[in-house]
Protein chains: 2
Amino acid sequence: MARAATTSDAFNAVAEPRRREILQFLATGERSVGEIVMRLGFEQPSVSKHLRVLLEVKLVDVRRDGRHMLYRANAEAIRPLHEWTSRFERLWKHQLLQVKERAEKKKQME
Amino acid sequence: MARAATTSDAFNAVAEPRRREILQFLATGERSVGEIVMRLGFEQPSVSKHLRVLLEVKLVDVRRDGRHMLYRANAEAIRPLHEWTSRFERLWKHQLLQVKERAEKKKQME
DNA sequence: TTGACATATTCCCATATGGGCATGTAATGT
DNA sequence: ACATTACATGCCCATATGGGAATATGTCAA
C-alpha cells in the first residue's frame, strides 16, 4: 500500500506546505480563488486542486458569488490537530525544565 | 513532482497514523522497538522504518542499551505543529461564538 | 448568442510511499 | 567461534501524489 490519501484527514491535508499557506491566508478572511492565486503566486489549477483537498476534509468552506468561488477557513476542523499536539505539551514543558536543571547543575559544578 | 518527502518535516511525519500511534506510545516513556511492536501489533520492520522517519525529523531520540534500542519522544519537535494550529485558535473560538449567536437569534424568532 | 472572465477538471508523468518478505548487522551468552 | 536475540535495511510493487498544460464548466455582460 502507498501512503494514506491526503484527502483522508486533516493531518494529511496540512502535510502539504502549499495547503498550509492557503489555509493561513484564508484565516485572514474569505477569499476568492483569484485572490489566493495573486497572493501566493501558485498556478491557478494548483490552487483549485489544493482547495478541493481542503474542502474534502472540511478544512475550508465555499460559497459562490457570481463567477467567484469564495473560500474560508473552517478553523473548527483544525482543532483535532491542535488537541493532538496538546497531548505533548506537558511533556515538552517537562523536558525543557530538565534541560534547564541540567544547565544549572553544570554551572554549579564549575 | 510528487508529494513532499515524509522525512522533510514534522507535519509530513505525523501525517501517517501509525507514526502518530508510535509517538503517543513513546510519550508515556522510553521504549524499545520490541515493546512498540508488542503494544501496537505492527510488523517489526514497519516499526523500525517508521522510527527512522521520526528520527530524521527529530520527533524521537534513541540510545542503545545492549541489544535494545530505546526510543523516546522529543516533544520539543512537536511544538511547531502546536504553534501552527494555535494560529487558528482565535478563529475557531470566534466561529463557535457565531454559531451560538445564530442559534440564539433563531430561538428568539420562534 | 457570443465572448470574456473565473474556476474546475483531466491527462500525463516523475517520484515518494508503506507494506511484505528476506536478509543484513550488532550485541549477548555459552 | 557460534547460535540467538533485537533491530535495521533492502528489494519489489501497487498506489497516491502534485505539477504542468490543455481543456471543460459555469457565470455574467453586451
Side-chain angles (χ1 to χ4, degrees), chain A residues 1-23 25-26 29-73, chain B residues 1-23 25-26 29-73:
Chain A
M1 233 183 284
R3 199 196 303 200
T6 101
T7 51
S8 57
D9 62 23
F11 283 94
N12 277 286
V14 304
E16 164 66 45
R18 285 183 161 85
R19 283 197 285 267
R20 288 203 295 280
E21 287 192 58
I22 291 174
L23 266 181
F25 182 43
L26 290 180
E30 198 176 46
R31 308 287 178 180
S32 71
V33 177
E35 287 174 311
I36 301 172
V37 170
M38 285 271 292
R39 170 66 172 255
L40 302 180
F42 308 151
E43 298 290 326
Q44 175 265 313
S46 178
V47 170
S48 282
K49 286 176 197 170
H50 284 310
L51 285 170
R52 183 115 163 84
V53 172
L54 293 172
L55 195 56
E56 285 184 37
V57 299
K58 303 201 196 303
L59 278 166
V60 298
D61 293 322
V62 219
R63 69 183 178 92
R64 178 181 281 283
D65 175 34
R67 332 177 208 197
H68 298 264
M69 296 297 276
L70 299 179
Y71 287 85
R72 58 201 181 79
Chain B
M1 232 183 284
R3 201 194 304 199
T6 106
T7 50
S8 57
D9 61 23
F11 283 94
N12 276 286
V14 303
E16 163 66 43
R18 283 183 163 86
R19 283 196 286 267
R20 287 203 296 279
E21 287 191 58
I22 292 174
L23 266 180
F25 182 43
L26 291 180
E30 198 176 47
R31 308 286 178 182
S32 70
V33 178
E35 287 173 310
I36 300 173
V37 170
M38 285 271 291
R39 170 66 171 253
L40 302 181
F42 309 151
E43 297 291 327
Q44 174 266 313
S46 177
V47 170
S48 282
K49 286 175 194 170
H50 285 310
L51 285 170
R52 182 115 164 85
V53 172
L54 292 173
L55 195 57
E56 286 184 36
V57 300
K58 302 200 197 303
L59 278 165
V60 299
D61 293 323
V62 219
R63 70 185 178 90
R64 177 181 283 282
D65 174 34
R67 332 175 210 200
H68 296 265
M69 295 299 275
L70 300 178
Y71 286 84
R72 56 199 182 81

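To find a chain, count down the sequence lines: A is the first, B the second, and so on, and within it residues start at 1. For clarity, every value in this text was computed on a predicted model and none was experimentally measured.
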Sugar-phosphate or base contact per nucleotide [nucleotides 21-30 of chain C; S, B, -; heavy atom under 4.0 Å]: BB---SSSS-
I'd like to know if the side chain of A:Arg72 and the backbone of A:Gly29 have a donor-acceptor N/O pair within less than 3.5 Å. no
Distance, rounded to the nearest Å, where A:Asn12 contributes CG and D:dT15 contributes C1': 14 Å
Minimum-distance nucleotide (side-chain atoms of B:His50 versus C:dT9, D:dG18, C:dG18): C:dG18
Distance below 4.0 Å between B:Ser32 side-chain N/O and D:dA6 OP1 or OP2: no
Candidate nucleotides D:dA8, C:dG19, D:dG19, ranked by approach to the side chain of B:Met69 - the nearest: D:dA8
For A:Arg31 and A:Ile36, indicate whether the former's side chain and the latter's backbone hold a donor-acceptor pair under 3.5 Å. no
Salt bridge (Lys or Arg N to Asp or Glu O under 4.0 Å) partners for A:Arg39, two or more places apart: none
Nearest-angstrom distance from the residue atom CZ of B:Arg52 to C1' of C:dG18: 15 Å
Rounded to whole angstrom units, what separation is found between the CG atom of B:Leu51 and the P atom of D:dC7? 10 Å
Run the numbers on A:Leu51 and A:Val47 for side chain to side chain contact (heavy atoms under 4.5 Å, CB included), then give the verdict. CA-CA 6 Å; A:Leu51 285 170; A:Val47 170; 3.7 Å; yes
Would you mind reading off the distance between A:Arg19 atom CZ and D:dA16 atom P, rounded to a whole angstrom? 15 Å
Nearest-Å distance, CD (A:Glu16) to P (C:dT17)? 13 Å
Side-chain donor or acceptor of B:Arg20 paired with backbone N/O of B:Val14 under 3.5 Å: yes
Would a distance-only check, ignoring hydrogens and angles, find a side-chain to backbone donor-acceptor pair under 3.5 Å from A:Glu16 to A:Arg18? yes
Rounded off to whole Å, could you give me the CZ-to-P distance for the A:Arg63 and C:dA6 pair? 17 Å
Closest non-hydrogen atom pair between A:Val60 and A:Leu26, with its separation: CG1-CD1, 3.7 Å
Does a nitrogen or oxygen in the side chain of B:Ser46 sit under 4.0 Å from OP1 or OP2 of C:dG19? yes
At 4.0 Å (heavy atoms only), tell me whether A:Phe42 reaches a base, stays on the sugar-phosphate, or touches nothing. nothing
Nearest-Å distance, CE (B:Met38) to P (D:dT5)? 15 Å
What's B:Ser48 touching, base or sugar-phosphate or nothing? Going by heavy atoms closer than 4.0 Å. base
Looking at B:His68, does any N or O in its side chain come under 4.0 Å of the phosphate oxygens OP1/OP2 on D:dC7? yes
To the nearest Å, give me how far apart CG (B:Leu70) and P (D:dT5) are. 19 Å
Check this one for me: any side-chain N or O of A:Tyr71 less than 4.0 Å away from OP1 or OP2 of C:dA6? no
